[in-house]
Protein chains: 2
Amino acid sequence: MYKISDAARRAALTVKTVRYYADIGLVKPAGRSAAGYRLYAESDIAKLGFIGRARRYSFSIEQCRDLLSLYEDDQRPSAEVKRITLEKIAEIDRKLGELQELRDELSHLAGNCHGDSRPDCPIIGNLASGLTVQ
Amino acid sequence: MYKISDAARRAALTVKTVRYYADIGLVKPAGRSAAGYRLYAESDIAKLGFIGRARRYSFSIEQCRDLLSLYEDDQRPSAEVKRITLEKIAEIDRKLGELQELRDELSHLAGNCHGDSRPDCPIIGNLASGLTVQ
DNA sequence: TCTAACCTTCTTTTTACAGGAAGGTTAGGC
DNA sequence: GCCTAACCTTCCTGTAAAAAGAAGGTTAGA
């Protein structure tokens with residue numbers, strides 16, 4: 001059984017985060033010491049690591065909760081997991097498209113900005129008017 | 001002079017957002033009616049639109065505040081604006097890279113998941129072990 | 001005059017923690 | 001056996017950028 005800082009280190013999370021997950025009932029410690037310290041079992045560490053990776057994959061806490069219940073269920077239907085994952089991929093694709101568009105616009109604007117002290121900066125002009133710089 | 005809902009509509013923002021911007025002192029209405037209604041001048045609408053576009057360009061409120069002060073200053077040095085913009089582009093590039101990586105990993109995992117009721121789902125397996133599926 | 005559609009301020013909620021205060025516990029060194 | 005540093009606890013506040021809602025005042029049109 002591991003104390004919270006060991007559990008956090010082994011799961012590559014912060015102590016604050018692990019405590020938070022316990023508070024919201026996402027991963028509760030297997031037990032408590034006589035002094036009230038949270039004690040984590042090996043399987044808890046695995047769950048924390050699981051959550052950590054899913055979070056890094058930008059799954060929300062609620063999605064992590066769903067995934068965790070599937071993970072804990074030996075009879076888990078992989079169709080559900082796949083569905084959530086495909087949904088997440090679609091979401092990432094949307095975000096990629098938006099970001100790419102934004103990047104293009106900004107770099108176009110920056111390319112037309114002299115970068116000196118003249119007051120006619122197309123970045124400002126564009127933001128003010130909503131027009132695209134030619 | 002426009003009431004808040006007209007101002008919001010013309011700037012393509014919500015009433016809540018416009019009120020919020022007034023509260024934090026980002027764009028204060030030119031005046032108030034006898035009844036206390038916020039009244040926005042044409043120039044306020046321009047500023048709100050400016051902020052709206054900058055926000056959609058993922059500038060933070062604080063960056064918007066900086067940009068706005070540059071926008072309001074006729075003697076604005078465009079070098080500063082260009083610097084902020086280039087910084088923002090670099091940030092977007094980092095985010096694009098991360099998202100692309102994430103997308104590849106997830107789509108790889110989903111591609112190896114049968115999506116039926118068999119319990120051996122590689123997505124779950126990967127999240128549980130932290131290993132990459134071959 | 002009535003009513004729908006406005007408007008006001010104030011408070012709470014959201015997400016996923018981080019930071020800090022006040023105080024108890026433990027491990028190692030002397 | 002004591003000291004101190006490094007743990008641990010709970011509780012409270014703060015973050016970004018609004019959204020949502022409550023309670024109540026205003027206005028425009030029929």
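Below, all heavy atoms of this structure are taken into account, side chains as well, without hydrogens, waters or symmetry copies. These numbers were taken from a predicted model, which means no experiment stands behind them. Below, read A as the first sequence line, B as the second, and so on, with proteins coming before strands; counting in each chain starts at 1.
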Give a yes/no answer on whether the side chain of Thr17(A) brings an N or O atom under 4.0 Å of OP1 or OP2 in dA18(C).
yes
Once you round it to whole Å, what is the distance between P of dA20(D) and OH of Tyr20(B)?
16 Å
Atom-pair distance (CD1 on Ile24(A); C1' on dT14(C)), nearest Å:
14 Å
Any side-chain heavy-atom pair from Val27(A) and Leu68(A) closer than 4.5 angstrom?
yes
From NZ of Lys3(A) across to C1' of dA27(C) the rounded distance in Å is 8 Å
Between Tyr20(B) and Leu39(B), is there shared hydrophobic-cluster membership here, with clusters defined by ILVMFWY side-chain heavy atoms closer than 4.5 Å?
no
Nearest whole angstrom, please: distance from the P of dA28(D) to the CG of Asp6(B).
12 Å
Strictly below 4.0 Å: does Thr14(A) bring a side-chain N or O up to OP1 or OP2 of dC17(C)?
no
Measure from CG on Asp23(B) to P on dA16(D) and round the result to the nearest Å.
15 Å
Just do the side-chain contact (heavy atoms from CB on, under 4.5 Å) check on Arg55(B) and Ile61(B) with the steps written out, would you?
CA-CA 7 Å; Arg55(B) 290 287 299 138; Ile61(B) 291 285; 3.8 Å; yes
Go through dG19(C), dC7(C), dT10(D) for me and flag the one nearest to the Arg19(A) side chain.
dT10(D)
Answer with base, sugar-phosphate or nothing: what part of the nucleic acid does Ile4(A) contact at a heavy-atom distance below 4.0 Å?
sugar-phosphate
Does dT15(C) have OP1 or OP2 sitting under 4.0 Å from an N or O in the side chain of Ser60(A)?
no
If I take atom NZ in residue Lys16(B) and atom C1' in nucleotide dA16(D), what distance separates them, rounded to the nearest angstrom?
17 Å
Under 4.0 angstrom between Ser5(B) side-chain N/O and dC7(C) OP1 or OP2:
yes
For Arg55(A), report the nucleic acid contact type (base, sugar-phosphate, nothing); a contact means any heavy atom under 4.0 Å.
sugar-phosphate
Enter the distance from Arg9(B):CZ to Ile4(B):CD1 here, rounded to the nearest 0.5 Å.
12.5 Å
Can you measure Tyr37(A) atom OH to dG23(C) atom P for me and round it to whole angstrom units?
16 Å
Any side-chain heavy atom of Arg38(A) sitting closer than 4.5 Å to one from Lys3(A)?
no
Can you check whether Arg38(B) has a side-chain N or O nearer than 4.0 Å to OP1 or OP2 of dT9(C)?
yes
Interatomic distance where CG belongs to Leu48(B) and P belongs to dA18(D) [whole Å]:
12 Å
Heavy-atom side-chain proximity of Arg65(A) to Ile24(A) below 4.5 angstrom
yes
Enumerate the residues from residues 26-36 of chain A whose closest heavy atom to DNA chain D is under 4.0 Å, giving them by residue number; use none for an empty result.
Arg32(A), Gly36(A)
Main chain of Ala41(A), side chain of Asp44(A): is a donor-acceptor contact present, judged purely on distance under 3.5 Å?
yes
